[in-house]
Structures are given as structure tokens and as C-alpha cells.
Asker: 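After the C-alpha cells below, expect a handful of questions from me.
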Amino acid sequence: MQLEQTKAVITGGVSGLGFAVAQHLVAHGARVALFDINAEHVEAALAKLGSQACFFHTNVSDEGQVSTHVREAAAKMGGLNAAINCAGILGAGRILGKQGPMPLAQFARTVEVNLIGSFNVAKTAAEHMQHNDPGADGERGVIVNTASIAAFEGQIGQAAYSASKGGLVSMTLPMAREFARIGIRVMTIAPGVFHTPMVDGMPEQVYQSLCAQVPYPSRLGNPEEFAETVAFILQNHYLNGSVIRIDGAIRLPPK
Ligand SMILES: NC(=O)c1ccc[n+]([C@@H]2O[C@H](COP(=O)([O-])OP(=O)(O)OC[C@H]3O[C@@H](n4cnc5c(N)ncnc54)[C@H](O)[C@@H]3O)[C@@H](O)[C@H]2O)c1
């Protein structure tokens, strides 16, 4: 897919990695629809992106909202051929914490946003994209999920988060296999530690120790590097059904 022909829904699109993807795609001529529940940063995000971007206040886990807004976003952009799932929450906490066992609702909410929300957007976007005219190689669309390296080496306190991200990793191949028939590719990116608002509140000492844990380059990932990976996936037709780690070779220790 050529970036200038991309018409993408980007969830979590007003902040962090999602916003970086929106900026990169818009800079290369794409149109984007941001789906987010973060009302605070919407105005600033849209002001930076300009007229190629629009926003829909959307909870990714809400089936009705996603269904309506995907349809409206496609109408606004003049089509839809990419869905980039970046919305996510940390849901951090020990299973047996100081206050007692983790409430089931906390575990469920993490899975609901990160895994079920991504599935919800993917299936709704695919339903729409299957009717697109086929492009080169018969391609009708691309879905990109954002997992995490915690899907593979989750730390203490990440049971819920790792479970949700592991679900995204596992879902990638069956989804790609099913959508092969309709020319829709499905890829997942597993980022290491990136410099986004999710890590902004971190004490300096923790931040420095995190940087030191990355073998090379010894720093946090730059959101633009994530956005470039998304763009590479969109443009390379032979990438399908697998997971790309982007992490400076870090392997998370138990804690
Ligand atoms: N930053 C990192 O180091 C890192 C590492 C690995 C994976 N990730 C993953 O990358 C994705 C983006 O993370 P980020 O660092 O940019 O975080 P972020 O907090 O800056 O952005 C996440 C966005 O998702 C939105 N969101 C949360 N729940 C939502 C919901 N129910 N419906 C719609 N939008 C919702 C938030 O409002 C926010 O704007 C997440 O899935 C995260 O798990 C991040």
C-alpha cells in the first residue's frame, strides 16, 4: 500500500505511539481517523495534524461505538484500508498485592481494552475493507496491532498486561490466515520501552536504569521509530501473519 493512498483508523491516536503513527502517515499524504477516549489532547493533536485528520471519541471495547465510528470514519476519509491498534492500558499490579489478591475486574479491564478492543476494531475494519477494490497483489487492507515484549517476557506485576498482549500475538496468525481470502494482511508489533506519556511520570533514576538495560542503542525507543515500522508494514506486501519486535535487544528481567 502506498502511504499517500492510506486511509487509516488509528486507535489511541491522540497520544504516544498512536499519535506518532498519525503524524508519520499524515506527513506522507495519508488520511487518518483517530479513535480515542482521551479528550484532553484532542485539540492539540488535530491542530498539529491538520485537515487530513479527524477524531472520533471512541471506546475501543464498545462494539456499537466502534461499528458506527468505523463507518463514519470511512465516509469522512473517502474509504478505509488500514486499522492501526495502539490504544492500550498498563493494568499493572501483582496477583497477590499488598491490598490482597488482584480484583478480577482489574484483570478483565486490561484484557477488555488491550485484547478485546483490538479484536473489536480489527473485525469491524475488516468487515468494511473486504468490499474495497483489490490493489496490487489483491490487497484490500492492512491491520496492525500493538502488543509488547511483555507478551514474551512479562515482569512481576504484568500478569494482566502480558496476558492481554500475548493474546494479540496469538491472534495474529489465525486472523491473517482467515483474511488471506479477502486480501487483508495482519501484523503485530511488539515494542520494547518507548518514550511516550506512559513512561513520562517515571522517576529519573528508574528512567536511567531502564535506558541502561537496553543493550544497543542504550536509550528508550523513539515513537517515530515505531511509526516507521508501521509505515514499513503498510508498504511491504509480503509482511503478514507475524510479529516484529522493536526493542534494542532488551529482554525484560523478572522485575
Ligand atoms: N510506551 C511503551 O514503552 C510501550 C511498550 C510496549 C507496548 N506499548 C503499547 O503501545 C500502545 C500505545 O502506548 P503509549 O505508550 O503510546 O501509551 P499512551 O498512554 O500515550 O497512549 C495510549 C492511548 O490509548 C488510549 N486509550 C486507552 N484506553 C482506551 C479505550 N478503551 N478506547 C480508546 N482509546 C483508549 C489513551 O487515551 C491514550 O491516548 C499501548 O497498547 C501500549 O500497551 C507501549
Side-chain angles (χ1 to χ4, degrees), residues 9-24 32-46 55-67 69-70 73 83-92 106 108-122 124 144-155 157-158 160-169 171 188-202 206-207 210-211 213-214 219-227 229-230 243-248 250-252:
V9 162
I10 305 172
T11 76
V14 309
S15 175
L17 301 185
F19 182 60
V21 173
Q23 282 185 299
H24 188 97
V32 299
L34 314 181
F35 283 18
D36 208 306
I37 50 170
N38 181 343
E40 205 184 323
H41 296 121
V42 176
E43 248 178 69
L46 289 177
F55 171 75
F56 293 85
H57 193 277
T58 315
N59 175 358
V60 291
S61 322
D62 186 315
E63 201 166 20
Q65 258 180 39
V66 167
S67 171
H69 292 167
V70 162
I84 321 294
N85 277 312
C86 293
I89 56 172
L90 279 172
Q106 183 179 336
R109 171 143 175 72
T110 310
V111 173
E112 192 174 293
V113 175
N114 296 354
L115 177 58
I116 299 177
S118 299
F119 175 80
N120 189 26
V121 172
T124 311
V144 182
N145 299 309
T146 307
S148 161
I149 57 169
F152 307 104
E153 60 258 13
Q155 299 185 289
Q158 290 191 310
Y161 186 70
S162 295
S164 69
K165 297 299 190 179
L168 286 173
V169 167
M171 178 167 93
T188 293
I189 303 174
V193 192
F194 275 67
H195 200 139
T196 69
M198 242 187 200
V199 300
D200 263 352
M202 223 175 247
V206 179
Y207 178 79
L210 210 50
C211 291
Q213 286 176 49
V214 188
R219 60 167 173 80
L220 302 196
N222 178 344
E224 175 60 15
E225 291 166 328
F226 176 85
T229 310
V230 171
V243 180
I244 297 176
R245 285 182 72 124
I246 171 166
D247 62 11
I250 195 174
R251 299 294 179 268
L252 297 174

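Every number for a ligand or one of its atoms is a count from 1 in the order of the listing.
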Asker: Looking at ligand 1, is there an atom of it that comes within less than 4.0 Å of some heavy atom belonging to Gly117?
Answerer: no
Asker: With atom 6 (C) of ligand 1 as the reference point, say which of Gly18, Pro191, Ser118 has the nearest heavy atom.
Answerer: Pro191
Asker: Any N/O of Ser61 closer than 3.5 Å to an N/O of ligand 1?
Answerer: no
Asker: Quick one: are the ring centres of Phe226 and His24 less than 6.0 Å apart?
Answerer: no
Asker: Can you tell me which residue and heavy atom of the protein come closest to atom 41 (O) of ligand 1, and the distance to 0.1 Å?
Answerer: Lys165 NZ, 2.8 Å
Asker: Under 4.0 Å from ligand 1, counting heavy atoms only, is it the side chain of Phe19, its backbone, both or neither?
Answerer: neither
Asker: Go through ligand 1 atom by atom and flag the ones less than 4.0 Å from a non-hydrogen atom of Pro197.
Answerer: 20 (O)
Asker: Within ligand 1, which atoms have a heavy atom of Thr146 less than 4.0 Å away?
Answerer: 9 (C), 10 (O), 11 (C)
Asker: Taking it one step at a time, do Leu17 and Phe194 satisfy side-chain contact (heavy atoms from CB on, under 4.5 Å)?
Answerer: CA-CA 8 Å; Leu17 301 185; Phe194 275 67; 3.9 Å; yes
Asker: Heavy-atom distance to atom 11 (C) of ligand 1: which of Gly88, Ala150, Cys86 wins?
Answerer: Cys86
Asker: Suppose we measure from atom 3 (O) of ligand 1 to each protein heavy atom; which comes out shortest, and what is that distance?
Answerer: Phe194 N, 2.7 Å
Asker: Looking just at side-chain N and O atoms, do His41 and Ser15 make a donor-acceptor pair shorter than 3.5 Å?
Answerer: no
Asker: Identify, by atom number and element, the atoms of ligand 1 in contact range of Gly16, meaning under 4.0 Å from any of its heavy atoms.
Answerer: 16 (O), 20 (O)
Asker: Give the contacting part of His195 toward ligand 1: side chain, backbone, both or neither, where contact means a heavy-atom distance below 4.0 Å.
Answerer: neither
Asker: Give the contacting part of Thr58 toward ligand 1: side chain, backbone, both or neither, where contact means a heavy-atom distance below 4.0 Å.
Answerer: backbone
Asker: What residue and heavy atom of the protein are closest to atom 15 (O) of ligand 1, and at what distance?
Answerer: Thr196 OG1, 2.5 Å
Asker: Of the side chain and backbone of Ala147, name the one, both, or neither that has a heavy atom under 4.0 Å from an atom of ligand 1.
Answerer: backbone
Asker: At under 4.0 Å between heavy atoms, is it the side chain or the backbone of Val113 that contacts ligand 1, or both, or neither?
Answerer: side chain
